[in-house]
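Per chain, numbering begins at 1; letters A, B, ... match sequence-line order.
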Amino acid sequence: MTVGPLPLLVLPMVAGAAAYFLRRWRNLPPLLTAGVAAVLGVLLLALPFGQPLRIGGQEVVLEQPVSLLGRALTLGVSDRLALGFLFLAGAALFLLAWRFGRGDLFAPLGSGVLGLLGGVLLIRPLIYSALLFQIAATLVVFSLHAEEEGPAHGGLRYLTFCTLALPGLLVSHWLLGLYTLSPDQQSLLQVATGLIAFSFALLLGLFPFHAWVPAVGGDGLPLVTAFVYTVMSGGVWFLMLGYLQTYPWLVQSAYWGRVVPALGLVTAVVGGVLGTTRRGPGVWAGYAVMVDTGLALVALAQGTQSGIGVALNLLFVRVMGAALMAAGLSSLQMRSGGVPALPDGVGWQAPWSTLAVVIGGLSLAGFPPTAGFAGRWALLSGLLSTDPATGCLLLLVSVGPLVGLVQIVGGLLRRHRPIPRVGEREDTEKTEEPAPEPILNVALLLLFIAATVLLGLFPQALATAAYRLAGFFAW
Amino acid sequence: MTTLLAVIDRISFLAAWPSVVGLCVALSLLLVAWQWQVHALGVGLLYFFVALLQTRVIRPEVALVNLLIGLMIAFTLYLTGRYLTARQQAAERTEEEPVRRAPTRFALAAGMPLRALILLAVLIAAVAGYQRFPLPQVPTDVGLACELLAIGGLFLMGLSEEPFHAGLGLLTFLAGFGLFFGALESSLVVVGLLGTISFLVALAVTFLAVTHVSQWEEER
């Protein structure tokens with residue numbers, strides 16, 4: 001029996017289902033799903049292309065095409081690298097959920113979503129990818145907010161924007177089918193281009209469709225928010241690259257060279273300006289992601305292998321910053337009663353978590369010597385020599401989130417000492433010392449902090465992988 | 001199945017302009033009324049008339065499956081509405097406030113005149129939109145119904161930030177799009193996946209509605 005790449009879809013879903021039923025044991029679901037995702041991710045990146053695997057005495061060739069519901073399911077080299085990244089990013093977030101997770105649905109649903117994202121990348125025609133992505137996005141919403149806790153604006157907005165993006169992708173597929181029958185009707189092509197562009201603008205959260213990005217960070221659980229910003233966004237990026245590969249006339253369009261960089265620039269500027277305001281760490285992370293997305297889009301618009309490589313590298317390094325910051329935030333939120341808005345001075349109660357917020361935030365903002373800086377510098381240094389005006393503007397807006405981060409960290413570390421009123425005796429009672437951070441939590445945070453700094457100091461490995469992957473998508 | 005198909009066959013005379021009128025009624029229930037029971041009824045009616053119109057563009061069996069999914073969605077919304085109301089009343093009782101009786105009659109949404117105007121605007125926008133951009137591959141009445149549902153859904157989404165009410169807009173929008181796309185793409189897998197998406201969206205909306213009400217309780 002030929003199974004081809006089916007295990008890449010089925011195994012995470014099975015792990016997710018098993019994790020759901022094992023929720024009684026709190027540690028087991030995140031570890032199980034992290035393990036399965038990590039094994040699949042490493043397998044995809046390490047196994048030579050076309051080499052068969054021996055499972056239970058049977059040979060499995062992952063690259064062998066199979067049919068799912070009558071649709072082709074194929075695993076190319078680019079899909080292997082893309083899926084490997086998504087699985088490893090998911091594994092990192094599930095591992096953090098083991099110690100910092102709130103809400104017990106993230107690991108089971110997240111693992112199922114990874115399987116669906118596998119389907120998004122592997123199934124053809126692309127109409128099914130769009131449908132599977134919509135299912136994945138809807139499932140994520142269930143884990144985005146803790147049960148019976150807090151507001152739910154972020155989830156609703158994410159669901160709304162993803163749903164509004166669906167018709168464009170489906171109708172464009174039908175229009176392109178018509179175009180192949182009557183190639184003289186250029187209007188079909190123009191309408192399809194507009195619909196595809198509109199849909200991806202919604203999914204990526206480009207200005208003016210960015211409302212969901214800060215909203216998700218504002219009231220979503222930190223680790224699930226990081227999942228949306230990295231894994232789900234990664235799925236959208238690879239789906240978009242799949243569209244550009246399948247329909248090369250999209251990049252040959254006269255609008256591509258003007259509209260795409262302009263959209264990226266405006267998104268980065270809006271994210272940078274709004275990132276200077278202090279509206280809570282989750283919302284700030286959303287604005288930082290907007291700047292990152294804008295920069296990646298500017299890089300993508302260059303259309304060269306190095307441009308696409310820079311865009312993918314930005315996506316890769318975003319995982320470190322977003323995951324680390326989310327872990328730190330989650331830990332601090334647990335100490336302050338689970339509310340998204342952290343009280344002033346809470347940072348002193350958990351110094352390692354605060355350090356994780358600082359280092360993760362610096363990486364998201366693209367500040368040296370963290371992983372985020374390496375990705376940005378590759379773009380900005382190139383732009384400063386070829387297009388100094390755009391380069392300077394992007395450099396300037398990159399500073400915006402940094403200003404916001406300084407305010408957030410200032411709030412976390414602000415010491416409150418109530419001033420006694422006249423005639424009132426100063427309260428001399430000693431306040432209860434906060435419990436120290438568990439050693440496993442500290443170890444995990446230190447591991448991710450070290451990885452974030454090391455990837456900033458030695459960025460070649462990730463940059464090379466991104467450049468290699470970009471080679472498969474370059475046009 | 002044969003019996004159900006026979007029933008559909010008998011009421012197929014409704015599957016044209018009467019269904020468009022029925023959709024207008026369903027939309028007005030969603031836009032103007034405030035009671036969750038009326039909303040659930042509105043959603044049920046909406047999916048019924050959409051299924052009737054679908055019999056014109058896709059196989060009746062598939063339309064029937066879509067109707068069943070729609071009725072399940074309406075039932076889910078009904079249960080959610082009932083749960084939310086019960087919880088709200090329980091919260092009021094624990095605060096030892098006099099228990100407000102839930103209005104038993106047809107309750108109109110706050111700002112009813114504005115909402116009635118919005119309904120009118122939706123109807124005008126749908127008719128004008130259809131005259132300017134007629135949808136391909138579908139008869140006039142079906143095309144108008146699609147635009148009516150899509151525009152009505154967008155308005156419903158924009159009118160409220162509450163998950164339950166905004167979710168009604170999402171579902172209305174998806175129903176309109178499903179009616180249109182069913183005519184374009186005859187693949188059963190696509191129709192099935194669209195139905196799955198609608199049901200999952202309904203579940204997500206109800207989940208969000210429950211978490212949202214918790215916050216309201218906390219604030220109280």
Side-chain angles (χ1 to χ4, degrees), chain A residues 68-71 103 105 109 119 123 125 127-164 166-175 177-178 188 191 215 219-221 337-340, chain B residues 87 133 135-137 146 150 153-154 156-158 160-167 169-174 176-219:
Chain A
L68 179 71
L69 298 170
R71 272 76 209 171
L105 284 177
L109 285 177
I123 202 164
I127 186 176
Y128 297 97
S129 303
L131 287 162
L132 289 182
F133 184 82
Q134 174 66 29
I135 294 177
T138 311
L139 285 179
V140 164
V141 171
F142 286 94
S143 55
L144 192 55
H145 302 281
E147 233 171 300
E148 308 204 353
E149 186 187 283
H153 299 303
L156 184 66
R157 287 204 184 155
Y158 185 58
L159 184 65
T160 305
F161 279 81
C162 287
T163 307
L164 291 178
L166 183 67
L169 295 178
L170 299 193
V171 173
S172 65
H173 178 263
W174 174 76
L175 287 171
L178 275 188
L188 293 174
V191 176
D219 52 27
L221 292 173
V339 287
Chain B
R87 209 160 76 169
F133 306 104
L135 294 177
Q137 302 279 323
C146 294
L154 288 175
L156 271 167
M157 278 182 237
S160 176
E161 268 208 293
E162 271 183 83
F164 189 84
H165 295 106
L170 264 180
L171 292 168
T172 307
F173 178 83
L174 271 176
F177 175 68
L179 178 58
F180 171 55
F181 199 67
L184 302 186
E185 179 70 54
S186 54
S187 161
L188 283 179
V189 180
V190 172
V191 175
L193 284 173
L194 272 176
T196 309
I197 286 170
S198 291
F199 191 62
L200 279 176
V201 166
L203 288 180
V205 162
T206 54
F207 176 78
L208 291 178
V210 169
T211 55
H212 191 71
V213 117
S214 301
Q215 191 223 2
W216 172 82
E217 281 171 1
E218 274 173 18
E219 280 170 4

Partner of A/T160 under side-chain contact (heavy atoms from CB on, under 4.5 Å), chosen from B/V201, B/L170, B/L154: B/L170
- prompt: Can you name the nearest heavy-atom pair linking B/F181 to A/V171, along with the distance?
  reply: CE1-N, 4.0 Å
- prompt: What distance separates A/L166 CG from B/L174 CG, expressed to the nearest 0.5 Å?
  reply: 7.0 Å
field: Nearest-0.5 Å distance, CD1 of residue A/I135 to CG of residue B/L193
entry: 5.0 Å
B/L208 side, atom CG; A/L156 side, atom CG - distance, nearest 0.5 Å: 6.0 Å
query: Closest heavy-atom contact between B/F177 and A/L170?
result: CE2-CD1, 3.6 Å
- prompt: Between B/V205 and A/L159, is a side-chain contact (heavy atoms from CB on, under 4.5 Å) present by the stated rule, with each step listed?
  reply: CA-CA 9 Å; B/V205 162; A/L159 184 65; 4.2 Å; yes
query: If every non-hydrogen atom of B/P136 is compared with every non-hydrogen atom of A/W174, which pair is closest and at what distance?
result: CG-CH2, 3.7 Å
- prompt: Is any side-chain heavy atom of B/V189 closer than 4.5 Å to a side-chain heavy atom of A/L131?
  reply: no
message: Does any backbone or side-chain atom of A/I127 lie under 4.5 Å from a heavy atom of chain B? Answer side chain, backbone, both or neither.
response: side chain
Segment of B/L184 engaging chain A (4.5 angstrom heavy-atom cut-off): both
statement: When every non-hydrogen atom of A/Y128 is compared with those of B/S187, the smallest separation belongs to OH-OG, 3.3 Å
